[in-house]
Amino acid sequence: MLRLIPILSTLATSALSLSIKPTPNAGADTQLPLVIWHGLGDDFERDGLVAVADLAEAINPGTYVHIIRLAETGSADRQATFFGNVSEQIDLVCTQLSTDPILSTAPAINALGFSQGGQFLRGYVERCNNPPVYNLVTYGSQHNGISEFQSCGLSDWFCNAAEALLRAGTWADYIQSHVVPAQYFRDPEELDAYLEHSNFLADINNERVVKSEVYKKRLSSLNKLVMYMFENDTVVVPKESAHFAEVNVTDGTVTALQNRSIYEEDWIGLKVLDQQGKLEFKTVSGEHMRMSEEDLEKTFKEFFGPVNTTAKAEDVESLGLIAQPA
(Lines give C-alpha, C1' and ligand atoms only; values in the text may rest on other atoms or scores of the structure.)
Protein backbone atom coordinates (compact mmCIF):
# COMPACT_ATOMS: atom_id res chain seq x y z
CA MET A 1 0.00 0.00 0.00
CA LEU A 2 2.78 2.36 -0.83
CA ARG A 3 1.36 4.93 -3.23
CA LEU A 4 0.60 6.71 -0.03
CA ILE A 5 -0.89 10.14 -0.01
CA PRO A 6 -1.37 11.90 3.33
CA ILE A 7 -4.98 11.34 4.28
CA LEU A 8 -7.45 14.21 4.38
CA SER A 9 -4.91 16.62 3.01
CA THR A 10 -7.78 18.76 1.79
CA LEU A 11 -9.74 19.36 4.59
CA ALA A 12 -18.18 -3.97 26.65
CA THR A 13 -19.66 -7.10 26.54
CA SER A 14 -23.29 -6.58 25.61
CA ALA A 15 -23.93 -5.47 29.18
CA LEU A 16 -21.96 -2.31 28.56
CA SER A 17 -23.98 -1.65 25.44
CA LEU A 18 -27.15 -1.92 27.48
CA SER A 19 -25.81 0.53 30.02
CA ILE A 20 -24.61 3.11 27.51
CA LYS A 21 -27.05 3.71 24.71
CA PRO A 22 -28.30 6.58 22.55
CA THR A 23 -31.32 8.39 23.89
CA PRO A 24 -33.49 11.21 22.52
CA ASN A 25 -33.55 12.82 25.95
CA ALA A 26 -30.87 15.49 25.53
CA GLY A 27 -31.05 16.35 29.20
CA ALA A 28 -29.62 12.95 30.13
CA ASP A 29 -27.05 12.78 27.35
CA THR A 30 -23.28 12.80 27.63
CA GLN A 31 -20.94 13.62 24.77
CA LEU A 32 -18.25 10.95 24.72
CA PRO A 33 -14.67 11.89 23.80
CA LEU A 34 -13.46 10.99 20.31
CA VAL A 35 -10.07 9.40 19.58
CA ILE A 36 -8.69 9.58 16.02
CA TRP A 37 -5.83 7.46 14.63
CA HIS A 38 -4.57 8.69 11.26
CA GLY A 39 -3.16 6.65 8.43
CA LEU A 40 0.11 5.95 6.66
CA GLY A 41 1.97 9.07 5.56
CA ASP A 42 -0.05 11.41 7.77
CA ASP A 43 0.72 13.09 11.10
CA PHE A 44 -1.12 14.67 13.99
CA GLU A 45 -0.21 18.22 12.92
CA ARG A 46 -1.69 17.93 9.43
CA ASP A 47 -4.20 20.70 8.66
CA GLY A 48 -6.73 18.25 7.23
CA LEU A 49 -6.69 16.15 10.38
CA VAL A 50 -7.09 19.21 12.58
CA ALA A 51 -10.05 20.21 10.39
CA VAL A 52 -11.64 16.82 11.03
CA ALA A 53 -11.29 17.36 14.77
CA ASP A 54 -12.86 20.80 14.44
CA LEU A 55 -15.73 19.34 12.42
CA ALA A 56 -16.35 16.68 15.07
CA GLU A 57 -16.72 19.38 17.73
CA ALA A 58 -18.90 21.54 15.49
CA ILE A 59 -21.31 18.69 14.75
CA ASN A 60 -21.41 17.48 18.37
CA PRO A 61 -20.54 20.45 20.61
CA GLY A 62 -18.55 19.56 23.69
CA THR A 63 -16.64 16.70 22.03
CA TYR A 64 -13.14 16.31 23.42
CA VAL A 65 -11.02 15.12 20.48
CA HIS A 66 -7.71 13.35 20.98
CA ILE A 67 -5.56 12.76 17.88
CA ILE A 68 -3.17 9.89 18.52
CA ARG A 69 0.49 10.76 18.15
CA LEU A 70 3.46 8.42 18.21
CA ALA A 71 6.06 11.17 18.48
CA GLU A 72 6.38 14.76 19.67
CA THR A 73 6.73 16.34 16.21
CA GLY A 74 4.68 15.95 13.06
CA SER A 75 7.68 14.79 11.05
CA ALA A 76 8.57 12.08 13.57
CA ASP A 77 4.92 11.05 13.86
CA ARG A 78 4.75 10.63 10.08
CA GLN A 79 7.95 8.58 10.13
CA ALA A 80 6.34 6.29 12.72
CA THR A 81 3.57 5.45 10.26
CA PHE A 82 6.21 3.82 8.04
CA PHE A 83 8.78 2.51 10.51
CA GLY A 84 8.17 0.90 13.88
CA ASN A 85 6.80 -2.14 15.65
CA VAL A 86 2.99 -1.96 15.49
CA SER A 87 2.53 -4.02 18.67
CA GLU A 88 4.81 -1.64 20.55
CA GLN A 89 2.98 1.34 19.05
CA ILE A 90 -0.35 -0.02 20.29
CA ASP A 91 1.16 -0.54 23.75
CA LEU A 92 2.21 3.11 23.67
CA VAL A 93 -1.29 4.20 22.69
CA CYS A 94 -2.81 2.05 25.44
CA THR A 95 -0.68 3.97 27.93
CA GLN A 96 -1.36 7.29 26.22
CA LEU A 97 -5.13 6.93 26.43
CA SER A 98 -5.29 5.34 29.88
CA THR A 99 -3.30 8.21 31.39
CA ASP A 100 -5.07 11.07 29.65
CA PRO A 101 -6.95 12.92 32.44
CA ILE A 102 -10.12 13.31 30.35
CA LEU A 103 -10.18 10.03 28.44
CA SER A 104 -9.30 7.94 31.49
CA THR A 105 -12.23 9.32 33.49
CA ALA A 106 -14.83 9.06 30.73
CA PRO A 107 -17.35 6.18 30.93
CA ALA A 108 -16.30 5.27 27.36
CA ILE A 109 -14.82 6.81 24.23
CA ASN A 110 -15.64 6.78 20.54
CA ALA A 111 -12.90 5.95 18.03
CA LEU A 112 -12.34 6.89 14.38
CA GLY A 113 -9.62 5.18 12.35
CA PHE A 114 -8.41 6.36 8.96
CA SER A 115 -6.76 3.73 6.72
CA GLN A 116 -4.23 1.72 8.78
CA GLY A 117 -5.31 3.64 11.88
CA GLY A 118 -8.57 1.66 11.73
CA GLN A 119 -7.07 -1.78 12.26
CA PHE A 120 -4.66 -0.32 14.80
CA LEU A 121 -7.61 1.00 16.82
CA ARG A 122 -9.19 -2.44 16.55
CA GLY A 123 -5.94 -3.80 17.93
CA TYR A 124 -6.24 -1.31 20.79
CA VAL A 125 -9.74 -2.59 21.58
CA GLU A 126 -8.62 -6.22 21.57
CA ARG A 127 -5.38 -5.75 23.48
CA CYS A 128 -6.28 -3.27 26.22
CA ASN A 129 -9.51 -1.26 25.67
CA ASN A 130 -8.83 1.07 28.59
CA PRO A 131 -10.75 3.39 28.38
CA PRO A 132 -13.34 1.20 26.64
CA VAL A 133 -14.47 2.05 23.10
CA TYR A 134 -18.19 2.54 22.53
CA ASN A 135 -18.42 2.99 18.73
CA LEU A 136 -15.48 2.20 16.42
CA VAL A 137 -15.67 3.58 12.88
CA THR A 138 -13.02 2.82 10.26
CA TYR A 139 -12.48 4.36 6.82
CA GLY A 140 -10.63 2.36 4.17
CA SER A 141 -8.90 0.21 6.77
CA GLN A 142 -7.03 -2.98 5.90
CA HIS A 143 -8.84 -5.32 8.30
CA ASN A 144 -7.99 -8.36 6.19
CA GLY A 145 -4.61 -7.00 5.19
CA ILE A 146 -3.12 -6.02 1.84
CA SER A 147 -1.82 -8.36 -0.83
CA GLU A 148 0.02 -5.82 -2.95
CA PHE A 149 2.31 -2.85 -2.39
CA GLN A 150 1.83 0.29 -4.45
CA SER A 151 4.53 2.57 -5.82
CA CYS A 152 5.59 5.75 -4.01
CA GLY A 153 6.07 9.27 -5.29
CA LEU A 154 9.67 9.98 -6.24
CA SER A 155 10.05 12.70 -3.60
CA ASP A 156 8.68 10.71 -0.67
CA TRP A 157 11.82 9.45 1.06
CA PHE A 158 10.07 7.64 3.93
CA CYS A 159 7.75 5.83 1.56
CA ASN A 160 10.49 4.83 -0.86
CA ALA A 161 12.73 3.59 1.95
CA ALA A 162 9.90 1.48 3.36
CA GLU A 163 9.05 0.13 -0.09
CA ALA A 164 12.66 -0.91 -0.71
CA LEU A 165 12.73 -2.85 2.56
CA LEU A 166 9.37 -4.47 1.85
CA ARG A 167 10.43 -5.71 -1.54
CA ALA A 168 13.65 -7.05 -0.03
CA GLY A 169 11.76 -9.53 2.14
CA THR A 170 8.29 -9.09 3.60
CA TRP A 171 8.52 -12.08 5.97
CA ALA A 172 11.99 -11.39 7.37
CA ASP A 173 11.88 -10.91 11.13
CA TYR A 174 13.52 -7.49 10.88
CA ILE A 175 10.96 -6.27 8.33
CA GLN A 176 8.06 -7.63 10.37
CA SER A 177 9.23 -5.76 13.45
CA HIS A 178 10.32 -2.51 11.81
CA VAL A 179 8.28 -1.75 8.66
CA VAL A 180 4.68 -0.90 9.44
CA PRO A 181 2.86 -1.92 6.19
CA ALA A 182 4.58 -5.33 6.26
CA GLN A 183 2.84 -6.06 9.54
CA TYR A 184 -0.57 -6.12 7.88
CA PHE A 185 0.52 -7.71 4.60
CA ARG A 186 -1.58 -10.80 3.93
CA ASP A 187 -1.44 -12.60 0.59
CA PRO A 188 -3.93 -15.53 0.50
CA GLU A 189 -1.37 -17.42 -1.60
CA GLU A 190 1.26 -17.09 1.15
CA LEU A 191 -0.82 -17.94 4.20
CA ASP A 192 1.72 -20.34 5.69
CA ALA A 193 4.42 -17.66 5.71
CA TYR A 194 1.92 -15.09 6.96
CA LEU A 195 0.76 -17.21 9.89
CA GLU A 196 4.34 -18.02 10.86
CA HIS A 197 5.84 -14.56 10.60
CA SER A 198 3.12 -11.89 10.80
CA ASN A 199 3.96 -9.58 13.70
CA PHE A 200 0.55 -7.98 14.00
CA LEU A 201 -2.42 -8.81 11.76
CA ALA A 202 -2.45 -12.60 12.20
CA ASP A 203 -2.56 -12.03 15.95
CA ILE A 204 -5.39 -9.50 16.18
CA ASN A 205 -7.39 -11.47 13.61
CA ASN A 206 -6.94 -14.58 15.81
CA GLU A 207 -5.91 -16.62 12.79
CA ARG A 208 -3.42 -18.89 14.51
CA VAL A 209 -4.32 -22.21 16.11
CA VAL A 210 -4.41 -20.85 19.64
CA LYS A 211 -7.19 -18.25 19.86
CA SER A 212 -7.47 -15.44 22.38
CA GLU A 213 -10.88 -15.40 24.05
CA VAL A 214 -9.96 -11.99 25.48
CA TYR A 215 -9.75 -10.51 21.99
CA LYS A 216 -13.19 -11.87 21.15
CA LYS A 217 -14.70 -10.63 24.41
CA ARG A 218 -13.33 -7.13 24.05
CA LEU A 219 -14.26 -6.64 20.39
CA SER A 220 -17.77 -7.98 20.90
CA SER A 221 -18.22 -5.43 23.70
CA LEU A 222 -18.48 -2.64 21.11
CA ASN A 223 -21.81 -0.92 20.66
CA LYS A 224 -21.02 -0.52 16.94
CA LEU A 225 -18.25 -1.51 14.55
CA VAL A 226 -18.75 0.45 11.34
CA MET A 227 -16.48 -0.23 8.36
CA TYR A 228 -16.39 2.12 5.35
CA MET A 229 -14.94 0.98 2.01
CA PHE A 230 -13.97 3.40 -0.76
CA GLU A 231 -15.68 2.39 -4.00
CA ASN A 232 -12.77 3.44 -6.23
CA ASP A 233 -9.92 2.59 -3.86
CA THR A 234 -6.73 1.68 -5.74
CA VAL A 235 -4.34 2.24 -2.82
CA VAL A 236 -5.65 -0.55 -0.61
CA VAL A 237 -5.33 -3.82 -2.52
CA PRO A 238 -7.75 -5.44 -2.26
CA LYS A 239 -10.17 -2.65 -1.38
CA GLU A 240 -12.62 -5.23 0.04
CA SER A 241 -10.25 -5.69 2.96
CA ALA A 242 -12.04 -2.67 4.43
CA HIS A 243 -15.09 -4.95 4.84
CA PHE A 244 -13.08 -7.95 6.11
CA ALA A 245 -13.63 -9.77 2.80
CA GLU A 246 -11.17 -12.20 1.21
CA VAL A 247 -10.23 -11.75 -2.45
CA ASN A 248 -8.72 -14.49 -4.61
CA VAL A 249 -5.67 -12.83 -6.18
CA THR A 250 -5.88 -15.10 -9.23
CA ASP A 251 -9.48 -14.73 -10.39
CA GLY A 252 -10.71 -11.81 -8.27
CA THR A 253 -13.45 -13.80 -6.52
CA VAL A 254 -14.63 -12.01 -3.40
CA THR A 255 -15.60 -14.03 -0.32
CA ALA A 256 -17.69 -11.91 2.02
CA LEU A 257 -16.91 -11.88 5.72
CA GLN A 258 -19.99 -13.93 6.58
CA ASN A 259 -18.69 -16.81 4.45
CA ARG A 260 -15.25 -16.91 6.04
CA SER A 261 -14.01 -18.99 8.97
CA ILE A 262 -13.14 -15.89 11.01
CA TYR A 263 -16.88 -15.16 11.06
CA GLU A 264 -18.37 -18.66 11.00
CA GLU A 265 -16.22 -19.79 13.95
CA ASP A 266 -16.34 -16.28 15.44
CA TRP A 267 -12.65 -15.91 16.16
CA ILE A 268 -12.85 -12.27 17.28
CA GLY A 269 -16.53 -11.59 17.96
CA LEU A 270 -17.63 -10.29 14.55
CA LYS A 271 -20.47 -12.81 14.36
CA VAL A 272 -21.72 -11.77 17.81
CA LEU A 273 -21.71 -8.13 16.74
CA ASP A 274 -23.46 -8.93 13.47
CA GLN A 275 -26.20 -10.99 15.09
CA GLN A 276 -26.86 -8.13 17.51
CA GLY A 277 -27.11 -5.60 14.68
CA LYS A 278 -23.89 -3.89 15.74
CA LEU A 279 -21.76 -4.59 12.65
CA GLU A 280 -22.22 -2.23 9.69
CA PHE A 281 -20.70 -2.32 6.21
CA LYS A 282 -20.77 0.99 4.34
CA THR A 283 -19.40 2.19 1.01
CA VAL A 284 -18.52 5.72 -0.04
CA SER A 285 -17.62 6.90 -3.51
CA GLY A 286 -14.19 8.07 -4.49
CA GLU A 287 -10.57 7.05 -4.07
CA HIS A 288 -8.75 6.09 -0.90
CA MET A 289 -9.23 8.66 1.87
CA ARG A 290 -11.02 11.10 -0.42
CA MET A 291 -14.26 11.26 1.51
CA SER A 292 -16.35 14.41 1.43
CA GLU A 293 -17.15 16.67 4.33
CA GLU A 294 -20.75 15.50 3.92
CA ASP A 295 -19.65 11.89 4.49
CA LEU A 296 -17.86 12.87 7.70
CA GLU A 297 -20.77 14.98 8.94
CA LYS A 298 -23.09 12.01 8.49
CA THR A 299 -20.69 9.76 10.38
CA PHE A 300 -20.38 12.19 13.27
CA LYS A 301 -24.14 12.62 13.53
CA GLU A 302 -24.99 8.93 13.24
CA PHE A 303 -22.27 7.34 15.38
CA PHE A 304 -20.63 9.97 17.55
CA GLY A 305 -23.59 11.88 18.96
CA PRO A 306 -24.50 12.16 22.65
CA VAL A 307 -25.31 8.96 24.54
CA ASN A 308 -26.88 8.13 27.87
CA THR A 309 -24.09 7.02 30.21
CA THR A 310 -25.56 5.21 33.16
CA ALA A 311 -22.68 2.77 33.71
CA LYS A 312 -20.29 3.65 36.50
CA ALA A 313 -16.58 3.13 36.00
CA GLU A 314 -16.49 0.30 38.52
CA ASP A 315 -19.37 -1.42 36.69
CA VAL A 316 -17.44 -1.27 33.42
CA GLU A 317 -14.34 -2.66 35.11
CA SER A 318 -16.30 -5.52 36.64
CA LEU A 319 -17.29 -6.59 33.12
CA GLY A 320 -13.65 -7.22 32.32
CA LEU A 321 -13.52 -4.50 29.65
CA ILE A 322 -10.61 -2.74 31.34
CA ALA A 323 -8.51 -5.81 31.90
CA GLN A 324 -4.84 -5.56 31.01
CA PRO A 325 -3.60 -7.34 27.86
CA ALA A 326 -3.39 -11.11 28.24
Side-chain angles (χ1 to χ4, degrees), residues 12-23 28-38 44 49-50 52-70 89-114 117-139 141 204 215 217-227 269 273 278 280 296 299-325:
T13 58
S14 59
L16 176 63
S17 300
L18 292 173
S19 298
I20 304 178
K21 60 178 68 176
T23 171
D29 288 353
T30 296
Q31 184 59 53
L32 297 178
L34 174 63
V35 170
I36 301 174
W37 198 329
H38 59 75
F44 70 91
L49 203 59
V50 174
V52 171
D54 291 342
L55 181 64
E57 204 282 331
I59 298 297
N60 296 304
T63 302
Y64 171 75
V65 181
H66 176 90
I67 301 175
I68 287 172
R69 63 173 70 185
L70 297 176
Q89 291 179 348
I90 290 177
D91 287 345
L92 176 64
V93 171
C94 288
T95 299
Q96 185 180 126
L97 302 192
S98 67
T99 57
D100 182 282
I102 295 179
L103 300 177
S104 63
T105 56
I109 62 174
N110 286 318
L112 174 62
F114 292 131
Q119 66 260 27
F120 296 171
L121 277 170
R122 181 165 61 82
Y124 163 85
V125 171
E126 293 178 28
R127 289 184 174 175
C128 56
N129 207 28
N130 176 23
V133 173
Y134 181 60
N135 286 340
L136 171 58
V137 177
T138 67
Y139 267 94
S141 298
I204 67 158
Y215 288 1
K217 179 180 180 182
R218 287 179 178 151
L219 193 68
S220 61
S221 75
L222 292 172
N223 177 69
K224 285 282 186 181
L225 172 56
V226 184
M227 300 180 290
L273 289 172
K278 298 177 180 179
E280 298 196 20
L296 287 172
T299 295
F300 293 147
K301 290 176 181 178
E302 188 172 358
F303 302 112
F304 298 147
V307 298
N308 183 266
T309 54
T310 59
K312 298 179 181 179
E314 57 266 29
D315 295 332
V316 175
E317 185 171 8
S318 70
L319 294 171
L321 298 177
I322 305 183
Q324 294 302 309

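Worth saying up front: this structure is predicted, and the values here are computed from it rather than measured. Along the sequence shown, residues are numbered consecutively beginning with 1.
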Partners of Y124 by ring-ring contact (aromatic ring centres under 6.0 Å, His included), sequence neighbours excluded?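 Checked Y124 against ring-ring contact (aromatic ring centres under 6.0 Å, His included); zero matches.
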List the residues meeting side chain to side chain donor-acceptor pair (under 3.5 Å) with [X], not counting sequence neighbours, and say none if there are none.
| X | answer |
| --- | --- |
| N135 | N223 |
| Q96 | H66 |
| D100 | Y64 |
| T63 | Q31 |

task = Go through the steps to decide whether N60 and F300 satisfy the test side chain to side chain contact (heavy atoms under 4.5 Å, CB included), and finish with yes or no.
result = CA-CA 7 Å; N60 296 304; F300 293 147; 4.0 Å; yes
[X] [atom1] to [Y] [atom2] distance, which is reported to the nearest 0.5 Å:
| X | Y | atom1 | atom2 | answer |
| --- | --- | --- | --- | --- |
| W37 | I68 | CH2 | CD1 | 5.0 Å |
| L97 | C128 | CG | SG | 7.5 Å |
| R122 | L219 | CZ | CG | 7.0 Å |
| R69 | H38 | CZ | NE2 | 9.5 Å |
| L296 | F304 | CG | CZ | 9.5 Å |
| L49 | I36 | CG | CD1 | 5.5 Å |

If you take all heavy atoms of [X] and [Y], which pair is closest and at what distance?
| X | Y | result |
| --- | --- | --- |
| G123 | I204 | CA-CG2, 4.0 Å |
| T138 | G118 | CG2-CA, 3.6 Å |
| S104 | S98 | CB-O, 3.2 Å |
| L34 | A111 | CD1-N, 4.0 Å |

Exercise for the section: Look only at the side chain of R127 and the backbone of D91, and say whether a donor-acceptor pair between them is shorter than 3.5 Å. Expected result: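 Between the backbone of D91 and the side chain of R127 there is no qualifying donor-acceptor contact (under 3.5 Å).
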- Query: Could you walk me through whether V93 and F120 pass the side chain to side chain contact (heavy atoms under 4.5 Å, CB included) check?
  - Reply: CA-CA 10 Å; V93 171; F120 296 171; over 6 Å; no
Can you check whether [X] reaches [Y] side chain to side chain, under 4.5 Å on heavy atoms?
| X | Y | answer |
| --- | --- | --- |
| L32 | P107 | yes |
| K278 | L222 | no |
| L70 | L92 | yes |
| L112 | Y139 | yes |

Residues forming a salt bridge (Lys or Arg N to Asp or Glu O under 4.0 Å) with E280, sequence neighbours excluded:
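So E280 forms a salt bridge (Lys or Arg N to Asp or Glu O under 4.0 Å) with K224, K282.
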